[in-house]
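Residues: numbered from 1 along the sequence shown.
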Amino acid sequence: MILLFPYMRAASLPGPLPEGVRLFCPGLEDRSSGQFSGRTWRPANLPFAPAEARLVLRDLKAYAEELAGRRRTSGGALDPAGEESARRTARRGIARGDEEALRRLGVSAGPAGDPAAEARARAQKVLLLALDLEDQCLETRGLVKKFGAD
C-alpha cells in the first residue's frame, strides 16, 4: 500500500489520486460516515477514537488560541504562569479524578505511562492539527474562488 503525504483530503490534491494510492486519515472521521472512503487508510491502533479525536482537537485549538491571545496582550512574551493558565483551560470539563482522560490528552496526571503509547498519542495530535490546517486552507481556497482574490 502506498500512502500519499502531505495531503489528507482529496480536495487538496493537484489532480486525481493515482490508482492504488490512499490518503492517510488521522482518525477524525468515523468509518460509518460518508467522508471515509476506500481511498483513505486509517490505522486500526490509533490512540484516539473519532469522537475522542474531535474532543482532543477542540482542546488543542482552545489551548493554542489562549496562548496566542496571551502573547498578543503581553507583547509577544509569555510567562510560565500564563502558560499554566492555558493548560488549565485545556483541561476544563475533565473531572479531577479522571487521570485516564488527562493522560490521553497528554497532560501528566501522575507517573509516566507507556512511552510508545504516549508517542503515538502525540503523533496523532500533530496529524489532527495538520488535518485541521489543511481543512482551513481548503476553506480559504474556496472563499478566494467564490469572492475573488483582490
Colleague: So do F48 and K125 actually touch side chain to side chain, heavy atoms under 4.5 Å?
Modeller: yes
Colleague: Can you tell me how far the CG atom of L133 sits from the CG atom of L128, to the nearest 0.5 Å?
Modeller: 12.5 Å
Colleague: Suppose the criterion is salt bridge (Lys or Arg N to Asp or Glu O under 4.0 Å): which pairs have a residue in residues 135-148, not counting sequence neighbours?
Modeller: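 For residues 135-148, and leaving out neighbouring residues, the salt bridge (Lys or Arg N to Asp or Glu O under 4.0 Å) pairs sorted by first residue read R9-D135.
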Colleague: Quick one: does V56's side chain get under 4.5 Å of L60's, heavy atoms only?
Modeller: yes
Colleague: Check side chain to side chain contact (heavy atoms under 4.5 Å, CB included) between A116 and all other residues, then give those that pass, not counting sequence neighbours.
Modeller: D114, R120
Colleague: Considering non-hydrogen atoms only, spot the tightest contact between E52 and P47 and give its length.
Modeller: OE1-O, 4.0 Å
Colleague: Just verifying a value: how many Å separate L17 CG and L23 CG, rounded to the nearest 0.5 Å?
Modeller: 5.0 Å
Colleague: For Q136, which residues count as a side-chain hydrogen bond (donor to acceptor under 3.5 Å, both in side chains) partner, sequence neighbours excluded?
Modeller: D132
Colleague: Who pairs with E134 by side-chain hydrogen bond (donor to acceptor under 3.5 Å, both in side chains), at least two apart in sequence or on another chain?
Modeller: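 Result, side-chain hydrogen bond (donor to acceptor under 3.5 Å, both in side chains) vs E134: S12.
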Colleague: Quick one, M8 and C25 - any side-chain contact, counting heavy atoms below 4.5 Å?
Modeller: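 Side-chain contact under 4.5 Å: no.
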Colleague: Considering non-hydrogen atoms only, spot the tightest contact between L13 and Y7 and give its length.
Modeller: CD2-CD1, 3.5 Å
Colleague: Please name the pair of heavy atoms, one in F24 and one in L127, separated by the smallest distance, quoted to 0.1 Å.
Modeller: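 Looking at all heavy atoms of both residues, the shortest contact is CE2-CD1, 3.5 Å.
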Colleague: Quick one: closest heavy-atom pair of Q124 and P26, and the distance?
Modeller: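 For Q124 versus P26, the nearest heavy atoms are NE2-O, 2.9 Å.
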